[in-house]
Amino acid sequence: QVQLVESGGGLVQPGGSLRLSCVASGFTLDDYAILWSRQAPGKGRIGVSCITSNYETQYLDSARGRFTISRDNAKNAVYLQMNSVRPEDAGIYYCAATAHSGGKCDPPFEHWGQGTPVTVSS
């Protein structure tokens, strides 16, 4: 069964840090690009960061310099380190995987996780 499972979400204070994890099962991530996206309450889903199969990274402008995406193919996992968290970073964070474009961060993403919530509050 192909599955992506996110974890690591929770309550964080403004300025704090959080590390999200995305672990795959039923397939190996080596040839996949992985996207972290966020959906805030009442808003659409937006891409926050993406990492290609060649370890190239992309970031939403507001996340660049604060968030770091990384992958550990040996653990079949991708991570999102979130530092200096802001209230506008709150939402449900989803990871998604695609391999249709040779491991590049090109939609559509074939596999999606169920999401992990991030709440930013003091």
Side-chain angles (χ1 to χ4, degrees):
Q1 181 183 1
V2 172
Q3 198 172 14
L4 289 172
V5 179
E6 303 94 336
S7 62
L11 175 65
V12 60
Q13 293 185 343
S17 296
L18 212 56
R19 188 193 193 209
L20 307 183
S21 299
C22 171
V23 178
S25 60
F27 70 110
T28 56
L29 292 180
D30 297 39
D31 297 327
Y32 284 77
I34 307 299
L35 170 75
W36 280 103
S37 63
R38 174 180 72 227
Q39 186 163 20
K43 297 186 178 180
R45 196 174 296 187
I46 61 171
V48 174
S49 184
C50 190
I51 187 167
T52 71
S53 60
N54 290 329
Y55 295 82
E56 296 169 340
T57 58
Q58 301 174 7
Y59 295 95
L60 185 68
D61 283 348
S62 63
R64 191 174 292 111
R66 299 187 298 122
F67 293 4
T68 302
I69 190 170
S70 62
R71 63 191 300 158
D72 186 340
N73 288 345
K75 295 183 178 179
N76 223 26
V78 174
Y79 308 98
L80 185 68
Q81 178 67 43
M82 304 169 61
N83 297 331
S84 302
V85 173
R86 304 169 180 170
E88 56 264 37
D89 296 326
I92 308 293
Y93 280 73
Y94 300 89
C95 67
T98 184
H100 77 92
S101 185
K104 297 179 182 179
C105 292
D106 294 334
F109 287 79
E110 301 97 274
H111 308 301
W112 286 84
Q114 293 300 306
T116 185
V118 172
T119 302
V120 183
S121 176
S122 55

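Partners of Arg64 according to the salt bridge (charged side-chain N to carboxylate O under 4.0 Å, His left out) rule, which considers only residues two or more places apart in sequence or in another chain, are Asp61. For Phe109, the ring pair (Phe, Tyr, Trp, His ring centres under 6.0 Å) criterion is met by no residue, not counting sequence neighbours. The side chain to side chain donor-acceptor pair (under 3.5 Å) test applied to Asp72 returns no partner, not counting sequence neighbours. Checked against salt bridge (charged side-chain N to carboxylate O under 4.0 Å, His left out), Arg66 has the following partners two or more places apart in sequence or in another chain: Asp89. Under the side chain to side chain donor-acceptor pair (under 3.5 Å) criterion, Ser62 pairs with no residue at all, not counting sequence neighbours. With sequence neighbours left out, Ser101 forms a side chain to side chain donor-acceptor pair (under 3.5 Å) with Asp106. Legend: residues meeting side chain to side chain donor-acceptor pair (under 3.5 Å) with Thr98, ordered by chain and number and at least two apart, are Glu110. Evaluation of the side chain to side chain contact (heavy atoms under 4.5 Å, CB included) rule for Ser70 yields Tyr79 as partners, not counting sequence neighbours.
Transitive grouping of hydrophobic side chains (ILVMFWY, heavy atoms separated by less than 4.5 Å) keeps Val85 and Tyr94 in distinct clusters. Hydrophobic clustering (side-chain heavy atoms under 4.5 Å, transitive across Ile, Leu, Val, Met, Phe, Trp, Tyr) groups Tyr59 together with Ile34. Two different hydrophobic clusters hold Met82 and Leu35 under the rule that ILVMFWY side chains link at heavy-atom gaps under 4.5 Å.
Screening residues 33-86 for disulfide (SG to SG under 2.5 Å) gives Cys50-Cys105 as the qualifying pairs, with residues at least two apart or on separate chains.
Taking CG from Asn73 and CG from Asp31, the interatomic distance works out to 8.5 Å, rounded to the nearest 0.5 Å. Between the CD1 atom in Ile69 and the CG atom in Leu80 there is a gap of 6.0 Å [rounded to 0.5 Å]. Separating the CD1 atom in Ile51 from the OG1 atom in Thr68 is a distance of 10.0 Å, to the nearest 0.5 Å. From Thr52, atom OG1 reaches atom OH of Tyr32 across 15.0 Å, with rounding to the nearest 0.5 Å. Rounded to the nearest 0.5 angstrom, Arg71 CZ and Asn54 CG are separated by 9.0 Å.
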Using atom types as modelled, flag every donor-acceptor pair under 3.5 Å from a side chain in residues 5-28 to any protein atom, sequence neighbours excluded.
| residue | atom | partner | partner atom | Å |
| --- | --- | --- | --- | --- |
| Glu6 | OE1 | Gln114 | N | 3.1 |
| Glu6 | OE1 | Gly115 | N | 2.8 |
| Glu6 | OE2 | Cys95 | N | 2.9 |
| Glu6 | OE2 | Gly115 | N | 3.2 |
| Ser17 | OG | Asn83 | OD1 | 2.9 |

Using atom types as modelled, flag every donor-acceptor pair under 3.5 Å from a side chain in residues 36-48 to any protein atom, sequence neighbours excluded.
| residue | atom | partner | partner atom | Å |
| --- | --- | --- | --- | --- |
| Arg38 | NH1 | Tyr93 | OH | 3.1 |
| Gln39 | NE2 | Lys43 | O | 3.1 |

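Judged by distance alone, with hydrogens and angles left aside, the side-chain atoms of Ser53 form no donor-acceptor pair with the main-chain N or O of Ala33 at under 3.5 Å.
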